[in-house]
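Note that the numbering runs from 1 along the sequence shown for the chain.
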Amino acid sequence: MKRIYDVAVIGAGIVGTAIARRLSRYQLSILILEEGIDVAMGATKANSAIVHGGYAEPASTLKGRLCIAGRRAFAELDQELNFGFRQTGSLVVTAEDDPAPLYRLLKQGRQNGLDDLRIVDQAELRELEPKLNRELKWGLLCEGAGVCSPYEMAIAMAENAIANGAELKLESAVKAVRGSRGSFTIDTARESFQARYVINAAGVKSDLVAQMAGIDDFAILPRSGQYLLFARGTGKAVNHVIFGLPTEKGKGILITSTLYDNLLIGPDASDQADREDTSTDLHRMAKIYDACKELYDGLDPRQFIRSFTGVRACSSTDDFIIEESRVPGFINAAGIQSPGLTASPAIACMVEDILAKSGLVLEADPDFNPHREPIIKSRELRPLSEIKPLLDIPSAPEKIICRCEQVTEGEIIDAAGRGIPVNTIDGIKRRTRASMGWCQGTFCRPRIAEVMDRISEHPFDARFDIEHSGVSRVEKSELLDFLNSRAKE
Ligand SMILES: Cc1cc2nc3c(=O)[nH]c(=O)nc-3n(C[C@H](O)[C@H](O)[C@H](O)COP(=O)(O)OP(=O)(O)OC[C@H]3O[C@@H](n4cnc5c(N)ncnc54)[C@H](O)[C@@H]3O)c2cc1C
């Protein structure tokens with residue numbers, strides 16, 4: 001007889017994986033269905049990676065309330081799952097004489113219940129951020145904000161959910177959903193599944209998945225944001241996440257260090273019809289670059305290594321949609337735009353409550369293990385003299401496969417053996433950072449492929465890389481040529 005899962009989660013971004021991991025503490029059978037070749041292939045892999053403070057949205061919105069609750073869960077979650085979180089604090093800065101917009105954010109944050117917000121004057125701003133432009137006059141400091149590694153977080157959530165009994169099916173795009181609480185049938189191209197409850201966590205396609213179940217009361221209005229990423233080490237220029245003033249389309253342009261000390265600038269915001277277009281555009285890049293120069297003049301375009309785009313799942317309600325829909329047992333976790341990453345732990349708890357209210361029995365699993373070991377053991381790079389002798393040794397766990405990011409063969413093997421099939425270099429990259437460095441994989445791609453060919457149980461396609469599969473991205477030479485020619489005009 002076919003298995004009936006208690007809960008089927010559609011979508012393995014940070015929202016779907018956080019929900020699955022939350023539910024895996026109970027005696028439940030959980031199925032995660034993901035269209036992509038890996039987890040975290042949607043907005044979760046292409047965003048600013050900021051754990052937001054919680055002052056930017058009012059507490060009258062779900063976005064506002066869940067942001068704060070989610071942010072407060074990060075430190076403990078990171079201790080359990082080791083995905084990487086650093087509490088850096090954030091600063092909204094302005095060069096205007098009048099700090100009124102900052103006071104408005106301060107007021108909203110305090111109304112939301114935050115107690116770690118304050119206005120800083122020019123002297124303190126210079127002390128906190130000595131490299132920012134000296135014309136900046138005021139800042140709003142939020143001490144609890146930080147940065148994390150969003151795709152590592154989703155991978156960690158998924159790995160831990162699987163270790164606690166959840167099943168994940170990749171390359172399983174849901175095509176149809178029929179039924180109601182207690183007896184849903186979910187069709188993918190390959191297989192059909194049965195579940196008592198269905199959670200829709202399909203990101204930018206969550207309206208399409210809702211429509212499959214007969215729910216058409218919201219739409220997703222995709223809005224893209226582009227970024228420029230700079231070489232490792234450049235992020236040390238800033239100590240906090242630095243935001244310009246918010247715009248009507250969002251929190252505005254930011255400058256931050258990633259968890260691995262790369263400077264990241266962006267995102268802009270542009271409504272677009274295509275939900276899946278993640279190409280980057282030279283003119284948009286240049287605008288972001290110019291806007292960031294207003295905050296930090298030390299940007300060096302020669303250190304630029306990569307551009308990317310994320311697509312926000314803005315909803316027609318302009319808020320998160322987290323509710324049991326009018327189809328009993330079909331629960332939407334939809335329209336999760338920013339600050340969805342920050343809010344994800346709280347979204348998972350909210351979905352858990354909705355399920356309980358809808359009649360799902362949540363009995364604690366005494367064997368639940370909340371812990372997951374990290375793949376990347378150290379975020380500090382070693383001196384080159386230590387690395388060089390390990391580059392060309394025969395196969396061994398300590399052999400260095402990726403020179404720029406100092407990734408070992410042992411880490412690659414570990415990453416590939418944690419319950420999620422890893423069939424691409426891209427999948428290894430997001431788990432270990434191999435090929436994320438200065439040379440962007442020129443040196444290590446064949447070396448990764450050699451290891452993967454040797455150890456893979458699944459067919460490994462070394463040529464396939466989602467990042468280079470027809471998506472047009474602005475390259476460094478294009479950006480440099482453009483900026484140079486503009487400077488000569
Ligand atoms: C430019 C940008 C900047 C952002 N910055 C921040 C930030 O700094 N901090 C923050 O807190 N938030 C930020 N966010 C928001 C955050 O990234 C998102 O809210 C979060 O990643 C959404 O996660 P998700 O799981 O809902 O969606 P996704 O990560 O998109 O996951 C949805 C998954 O569903 C799958 N799927 C879709 N259709 C189907 C189907 N039919 N069958 C099976 N699977 C399907 C997709 O393949 C995908 O893997 C930003 C977003 C963007 C785009």
Nearest 0.5 angstrom please: [X] [atom1] to [Y] [atom2], how far?
{"X": "Phe320", "Y": "Ile347", "atom1": "CZ", "atom2": "CD1", "value": "4.5 Å"}
{"X": "Leu91", "Y": "Ile119", "atom1": "CG", "atom2": "CD1", "value": "10.0 Å"}
{"X": "Gln440", "Y": "Arg445", "atom1": "CD", "atom2": "CZ", "value": "9.5 Å"}
{"X": "Leu170", "Y": "Asp38", "atom1": "CG", "atom2": "CG", "value": "6.0 Å"}
{"X": "Ser307", "Y": "Arg473", "atom1": "OG", "atom2": "CZ", "value": "6.5 Å"}
{"X": "Leu228", "Y": "Ile255", "atom1": "CG", "atom2": "CD1", "value": "11.5 Å"}

Among all residues two or more places apart in sequence or in another chain, which pass the side-chain hydrogen bond (donor to acceptor under 3.5 Å, both in side chains) test with [X]?
{"X": "Asp268", "answer": "Arg284"}
{"X": "Thr258", "answer": "Asn262"}
{"X": "Asn47", "answer": "none"}
{"X": "Arg454", "answer": "Ser395, Glu409, Glu450"}

State whether the number of non-hydrogen atoms from other residues, nucleotides or ligands found under 6.0 Å of [X] atom [atom1] is greater than 12.
{"X": "Arg302", "atom1": "CZ", "answer": "no"}
{"X": "Gln122", "atom1": "CD", "answer": "yes"}
{"X": "Lys107", "atom1": "NZ", "answer": "no"}
{"X": "Lys377", "atom1": "NZ", "answer": "yes"}

*Could you list all the side-chain hydrogen bond (donor to acceptor under 3.5 Å, both in side chains) pairs where at least one residue sits in residues 70-80, not counting sequence neighbours?*
Arg21-Glu80, Arg71-Asp116

*Any pair with a residue in residues 141-151 that passes side-chain hydrogen bond (donor to acceptor under 3.5 Å, both in side chains), sequence neighbours left out, goes on the list, sorted by first then second residue, please.*
Ser149-Glu152

For [X] and [Y], indicate whether the former's side chain and the latter's backbone hold a donor-acceptor pair under 3.5 Å.
{"X": "Ser172", "Y": "Leu33", "result": "no"}
{"X": "Thr309", "Y": "Ser279", "result": "yes"}
{"X": "Lys399", "Y": "Ile393", "result": "yes"}
{"X": "Arg447", "Y": "Ile401", "result": "yes"}
{"X": "Gln406", "Y": "Cys402", "result": "no"}
{"X": "Thr17", "Y": "Met157", "result": "no"}
{"X": "Ser456", "Y": "Asp453", "result": "no"}
{"X": "Asn112", "Y": "Leu114", "result": "no"}
{"X": "Glu478", "Y": "Glu475", "result": "yes"}

*Going through the checks in order, is the side-chain contact (heavy atoms from CB on, under 4.5 Å) test met by Asn239 and Glu129?*
CA-CA 6 Å; Asn239 300 319; Glu129 289 293 347; 3.4 Å; yes

Indicate the atoms forming the closest heavy-atom contact of [X] with [Y], along with that distance.
{"X": "Ile19", "Y": "Ala333", "result": "CD1-CB, 4.1 Å"}
{"X": "Gly54", "Y": "Cys67", "result": "CA-SG, 3.8 Å"}
{"X": "Ile14", "Y": "Met153", "result": "CD1-CG, 3.6 Å"}
{"X": "Cys292", "Y": "Leu254", "result": "SG-O, 4.0 Å"}
{"X": "Ala416", "Y": "Val422", "result": "CA-CG2, 4.1 Å"}
{"X": "Ala434", "Y": "Val407", "result": "N-CG2, 3.5 Å"}

_Ser224 versus Gln272, side-chain donor and acceptor atoms under 3.5 Å_ = yes

_Testing the 3.5 Å rule here: is there a donor-acceptor pair between the side chains of Asp297 and Asn133?_
no

_Test log, rule side-chain contact (heavy atoms from CB on, under 4.5 Å), inputs Val51 and Leu341_ = CA-CA 7 Å; Val51 180; Leu341 168 66; 5.7 Å; no

With a 4.5 Å limit on heavy-atom distance, are the side chains of [X] and [Y] in contact?
{"X": "Arg382", "Y": "Leu390", "result": "yes"}
{"X": "Glu405", "Y": "Arg232", "result": "yes"}
{"X": "Ile321", "Y": "Leu62", "result": "no"}
{"X": "Val238", "Y": "Thr256", "result": "no"}
{"X": "Arg379", "Y": "Arg86", "result": "no"}
{"X": "Ile425", "Y": "Met452", "result": "no"}
{"X": "Ile265", "Y": "Ile253", "result": "no"}
{"X": "Trp138", "Y": "Glu96", "result": "no"}

With sequence neighbours excluded, tell me which residues meet salt bridge (charged side-chain N to carboxylate O under 4.0 Å, His left out) with [X].
{"X": "Lys137", "result": "Asp97"}
{"X": "Asp207", "result": "Arg275"}
{"X": "Asp319", "result": "none"}
{"X": "Lys236", "result": "Asp261"}

*So does Arg431 pair up with Glu411, basic N to acidic O under 4.0 Å?*
no

*Are Lys63 and Glu57 ion-paired here, with the side-chain N under 4.0 Å from a carboxylate O?*
no

*Have a look at Ile413 and tell me which of Thr408, Thr432, Ile455 forms a side chain to side chain contact (heavy atoms under 4.5 Å, CB included) with it.*
Ile455

_Listing request: all ring-ring contact (aromatic ring centres under 6.0 Å, His included) pairs with a residue in residues 221-246, at least two apart in sequence or in separate chains._
His52-Phe243, Tyr227-Phe308

*Candidate pair Arg486 and Asp290, rule side-chain contact (heavy atoms from CB on, under 4.5 Å), full reasoning*: CA-CA 12 Å; Arg486 207 178 58 170; Asp290 292 343; 2.8 Å; yes

*Kindly write out the residues that satisfy ring pair (Phe, Tyr, Trp, His ring centres under 6.0 Å) with Phe443, not counting sequence neighbours, or none if the list is empty.*
none

